[in-house]
Amino acid sequence: MEPIQTVKGFRDFFPEECAVRNYIFDTWRSVARRYGFMEYEGPVLENTDLFRKKSGDEITSQLFCFTTQGKDDVSLRPEVTPSLARMATARQRDFKKPIKWFQIGSCFRYEAPQAGRTREFVQFNADILGDASPATDAELIAMAIDVMREFGVSSDDFEIRLSNREIWNGFLAQFNITAEHTPTFLQIIDKIERARSEETEKKLNAIGLSLADVRAFMASADESHPAFAALRENLSARGIWQHVRIDATIVRGLAYYTGTVFEVFDRKHGLRAVAGGGRYDKLCSLMSDGKVDMPAAGFAMGDVVLKLLLEKTPGAQMKLTSALLAASSIDAYVVVVDEAQRGHALAAVQALRAAGIRIDYSFGAQKAGKQFQAAEDRKARFAIVFGAEYPEVVIKNLIARSQSSVPAAGLVEEVQRLLAEPAIGPLIA
RNA sequence: GUGGCCGUAGUUCAACGGUAGAGCCCCAGAUUGUGAUUCUGGUUGUUGCGGGUUCGAGUCCCGUCGGUCACCCCA
């Protein structure tokens, strides 16, 4: 019989990987809450029309879509912004503005898996709706920066590449290029650093432009451009403008963005963008058929590229390792040396756990050596030994290799006292 | 969607077209109340799957599935 493998591009999370995933989620969540964002969640499965409405029919080739028994045409979500737009516009009068929401959840895209790209991935989404000011854009960029710093990724390792679609609109107007050419043009700009210049020149000529004009404009679009003035002032006041670099080639594909656009890039490893986002003032109107016209901006960060970056960045690697150890270790392992004391040991296990102490022990009779080895394997800080001397109980510090003895009646208090002391030894978080 | 490379024990990898192996891991013992080291023994494979060539295929060929990388795309 053929073994059943995971579906192409989907992942198992064994405890080791699951701990990494939890660490990433916890970090995202803690920064978002620090910024005063509220967590929400939408359905993983949506009517396919929701995504067609935003992006057009051709996008369905990269959707996980199928027809249900009830003949509904549905898709696993490739992103959460359409769901967010529906939710926010449906009840927008119930929420004071600005609406600051974040979300963490799986998304799905039917694409060829490769480095930094799977078919199932988790995105962190942060959005601010109902406020069109540059202060909103600044808040989102600041949060993106703080998320990276919270992971231990420094300015040596990442940067924010910032642009604004308005500056290209101004450029196109200056050369009297009609709006119908805008998508084509932005696609050319998106690829300008990767494509050969003859190709780019040819494509630009086709819509009445020249590469020299575009290059000249890009060189002029530095941080002194008026489109960046308010953002620059805001982020400078926070002391984080140095993370930002103006890069006019950032246009974010063909999406719904209308103003500020930015991406988070690693600076050393040539990875895909870690995060991307920007202002999308027309999307709510589009998704609500014009009923709700609400400005919005947001960004999304995926877990796959982020994890690659964390593993390649020494400072982030250290934080990750210590978080993993803290998550996987236990406080104490109860060693039953004299099986006659198992009842007393179980009572102590219950009492210690009730006090919030992380305890493990062996289910059956085991030689003492095995039990101490198990305590070591579980990265326990203490071993609590139940032997013939009961009601005296031995508490052994597995790091310092010292031991003491307490009456069973005072065990919980004594263990709490010992745990409150700073651990002596390496790598205890 | 296109192309390159890869697929052998739980894992990391060997094996000229000629009997499928090793390290690690795991389990047990040496060791009757203390973690290391060491030693001993043990479990595990239709060589991803399906065809073909051959006296004989893990090895060569075709297909397929999966992994990986690049291109396309990247909401």
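Letters go in sequence order (proteins before strands), and every chain restarts at 1. This one's a predicted model, so the numbers in the text were calculated from it and none came from an experiment.
A donor-acceptor contact closer than 3.5 angstrom links the side chains of A:D131 and A:T136.
By the neighbour-count criterion of 12 heavy atoms within 6.0 Å, atom CZ of A:R417 is densely surrounded, having more than that number from other residues, nucleotides or ligands.
Side-chain atoms of A:E389 come within donor-acceptor range of the base of B:rG33, with a qualifying N/O pair under 3.5 Å. A donor-acceptor contact under 3.5 angstrom links the side-chain atoms of A:K396 to the base of B:rU34.
Between the OH atom of A:Y390 and the P atom of B:rG33 there is a distance of 19 Å, rounded to whole Å. If you measure from atom CG of A:L186 to atom C1' of B:rC73, you get 16 Å, rounded to the nearest angstrom.
Shown here are the side chain to side chain contact (heavy atoms under 4.5 Å, CB included) partners of A:D338, two or more places apart in sequence or in another chain: A:A340, A:Q341, A:A388. Listed by chain and number, the residues in a side chain to side chain contact (heavy atoms under 4.5 Å, CB included) with A:A138 are A:L231, A:N234, A:L235, A:R238 (sequence neighbours excluded). Take A:R279 and apply the salt bridge (Lys or Arg N to Asp or Glu O under 4.0 Å) test, not counting sequence neighbours, and it matches A:D137, A:D281. Every residue meeting the side chain to side chain contact (heavy atoms under 4.5 Å, CB included) condition with A:A316, not counting sequence neighbours, appears here in chain and number order: A:V153, A:L310, A:T313. Remark: A:R11 engages A:E120, A:D303 in a salt bridge (Lys or Arg N to Asp or Glu O under 4.0 Å) (not counting sequence neighbours). With sequence neighbours left out, A:F64 forms a ring-ring contact (aromatic ring centres under 6.0 Å, His included) with A:F10, A:Y110. Applying the salt bridge (Lys or Arg N to Asp or Glu O under 4.0 Å) rule to A:E339 yields the partners A:R342; only residues at least two apart in sequence or on another chain are considered. Shown here are the ring-ring contact (aromatic ring centres under 6.0 Å, His included) partners of A:F382, two or more places apart in sequence or in another chain: there are none.
In this structure, A:K370 does not reach the B:rC27 phosphate: none of its side-chain N or O atoms is under 4.0 Å from OP1 or OP2.
Contacts of residues 269-284 of chain A with RNA chain B (heavy atom under 4.0 Å): A:R272. Contacts between residues 109-121 of chain A and RNA chain B, counted as heavy-atom distances below 4.0 Å, involve A:R109, A:E111, A:A112, A:Q114, A:A115, A:R117.
The side chain of A:Q403 has B:rU34 as its nearest neighbour among B:rC73, B:rU34, B:rG35. Of the candidate nucleotides B:rG66, B:rA75, B:rC74, B:rG66 has the atom nearest to the side chain of A:K8. Relative to the side chain of A:V394, the nucleotides B:rG33, B:rU31, B:rC74 differ in distance, and B:rG33 lies closest.
Counting only Watson-Crick or G-U wobble pairs whose defining distances are both under 3.5 Å, the stems of 3 or more consecutive pairs in RNA chain B are B:1-7 with B:65-71, B:10-13 with B:21-24, B:26-30 with B:38-42, B:48-52 with B:60-64.
When the P atom is used for both B:rA70 and B:rG17, the distance is 32 Å, rounded to whole Å. B:rU19 sits 23 Å from B:rC6 when the P atoms are compared, rounded to a whole Å. One P atom belongs to B:rU47, the other to B:rA9, and the distance between them is 10 Å to the nearest Å. The gap from the P atom of B:rG45 to that of B:rG10 amounts to 8 Å, rounded to the nearest Å. Taking the P atom of each, B:rC61 and B:rG18 are spaced 15 Å apart, rounded to whole Å. Taking atom P on both B:rU8 and B:rG50, the two are 16 Å apart, rounded to the nearest angstrom. Comparing the P positions of B:rG42 and B:rC49 gives a spacing of 28 Å, expressed to the nearest Å. Comparing B:rU53 with B:rC16, their P atoms sit 24 Å apart, to the nearest whole Å.
Using a 4.0 Å heavy-atom distance criterion, A:A388 is classed as a base contact. Counting any heavy atom pair closer than 4.0 Å across all strands shown, A:R77 reaches no nucleic acid atom. Residue A:G298 is out of contact with every strand shown, counting any heavy-atom pair closer than 4.0 Å.
The cationic group of A:R21 lies under 6.0 Å from the six-membered ring centre of A:F13 and within 45° of the ring axis, placing it in a cation-pi geometry.
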Residues 361-369 of chain A side chain polar contacts: donor-acceptor under 3.5 Å, at least two apart:
from, atom 1, to, atom 2, distance (Å)
A:S362, OG, A:G364, N, 3.4
A:S362, OG, A:G364, O, 2.8

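Under a 4.0 Å N-O distance rule, the pair A:K53/A:D289 qualifies as a salt bridge.
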